[in-house]
Protein chains: 2
Amino acid sequence: MDKREQLIESTRELLWERGYVGTSPKAIQERSGAGQGSMYHHFQGKSGLALAAIGRNADDLRARAEAEFTGSGTVVERITVYLRRERDALKGCPVGKLTQDPDVMADADLRKPVEEAFGWVTGRLAELLEEGREKGELDASLDPLATAIALVAVLQGGYVLARAAGSPDVFAKAVDGALGLLATKEN
Amino acid sequence: MDKREQLIESTRELLWERGYVGTSPKAIQERSGAGQGSMYHHFQGKSGLALAAIGRNADDLRARAEAEFTGSGTVVERITVYLRRERDALKGCPVGKLTQDPDVMADADLRKPVEEAFGWVTGRLAELLEEGREKGELDASLDPLATAIALVAVLQGGYVLARAAGSPDVFAKAVDGALGLLATKEN
DNA sequence: GTCTATAGATAGATAGAC
DNA sequence: GTCTATCTATCTATAGAC
């Protein structure tokens, strides 16, 4: 792997672990094994490097979810696969975490991939719920978009509560609770 | 208000806006109107000040929720009041946000009030759901603890999605979705 | 109690040699 | 492309005057 690639991957790790504000160019250089010169040759600075790293995180989020949404099984089965996917609950979501970072949200370029990723995933999940309703698999009273947003929120909030408790079990419980509620909407 | 008080309140604001890592002693001093000397006289340092500020945030979270949980109305009505309380969706939760801050989570003293606040709120909400089940207001199939965690997660995740979208409407939609699902469990 | 002065360390970036 | 040297500003804290 070349230096440029190492820099991006090390930045992804550090953004995940420490956020944008908490990550220094020096820390990135040390982890990637690249020097100052390398970093500033390949990227315009900390923000340029972060943009590349965040873009990859966002693309990953989309790719994984899309694979699960288009998998086999009923709508509820596919949603269950998505919600129950193994996640590193105590580390948090590499994309969702960025929403709590003041300097990411203040920079339109850095914020855009985050906004798009969640806009996409909630929209796509809403389509899936709508499909379930049309097929009679889910109750007609279910609001596809609101439910989709609530389900994604359970994941994002599940990370928060799991980190607060210091236990991944809390994340699993949040998902259990959401699926328990969704089950009642099944026909 | 004396300097000590000003320091704590300014720290609460800054922790909310910029997190612990993103808040410098200098910024606290400027906002509070206190100098270096004042700050280090009243507190042991940045972390000591943060401890006082986080403690107040955690106490606030508890006090507000407790007032809503013990209000009048059915269990579902009280939960609805709690979930629909007006919140500054784009600012995020003053307590939940801290779970994403690496230096807060790494310090046992700073982390404790956060852990306790969410442990308390999910536990209390679970009791309320259990009460609803006993009274026949909620379906027997409902898992009180898992549902409680899911509902609090919807709030915490609602903040994340609202900030990602740059719109408080997304927070409201998350709550709508959660209440829509919960409604099906009503007898 | 509060202020100013000071200090070592790090943040984030530039310059220029190789 | 990568490295080292250098730079200004800020971070966090201590010292000591008032």
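So you know, we letter chains A, B, ... as the sequences are listed, proteins then strands, and number each from 1.
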For B/Ala172, check side-chain contact (heavy atoms from CB on, under 4.5 Å) against everything at least two apart and list the hits.
none
Residues in side-chain contact (heavy atoms from CB on, under 4.5 Å) contact with B/Glu127, at least two apart in sequence or another chain:
B/Arg124
Using distance alone, with no hydrogens and no angle criterion, decide if A/Gln156 and B/Gln156 have a side-chain donor and acceptor under 3.5 Å apart.
no
Minimum heavy-atom distance B/Leu145-B/Ala126, with the two atoms named
CA-CB, 3.9 Å
What pairs meet the side chain to side chain donor-acceptor pair (under 3.5 Å) rule with one or both residues in residues 89-110 of chain A, with sequence neighbours excluded?
A/Asp103-B/Arg18
For residues 26-41 of chain A, which residues have at least one heavy atom under 4.0 Å from DNA chain C?
A/Lys26, A/Gln36, A/Tyr40
Is it true that B/Lys135 and B/Glu131 have a side-chain N and a carboxylate O under 4.0 angstrom from each other?
yes
Counting the atoms with a prime plus P, OP1 and OP2 as sugar-phosphate, which does A/Thr23 contact under 4.0 Å by heavy atoms, base, sugar-phosphate, or nothing?
sugar-phosphate
All side-chain hydrogen bond (donor to acceptor under 3.5 Å, both in side chains) counterparts of A/Glu30, not counting sequence neighbours:
none
Reading DNA chain C 5' to 3', which nucleotide is the first, and which the last, to come under 4.0 Å of any heavy atom in chain A?
C/dA11 to C/dT14
B/Lys46 to B/Tyr20, cation-pi by 6.0 Å centre distance and 45° axis angle
yes
For B/Pro25 and A/Arg4, find the nucleotide of DNA chain D closest to each by heavy atoms; which residue's nucleotide sits nearer the 5' end?
A/Arg4
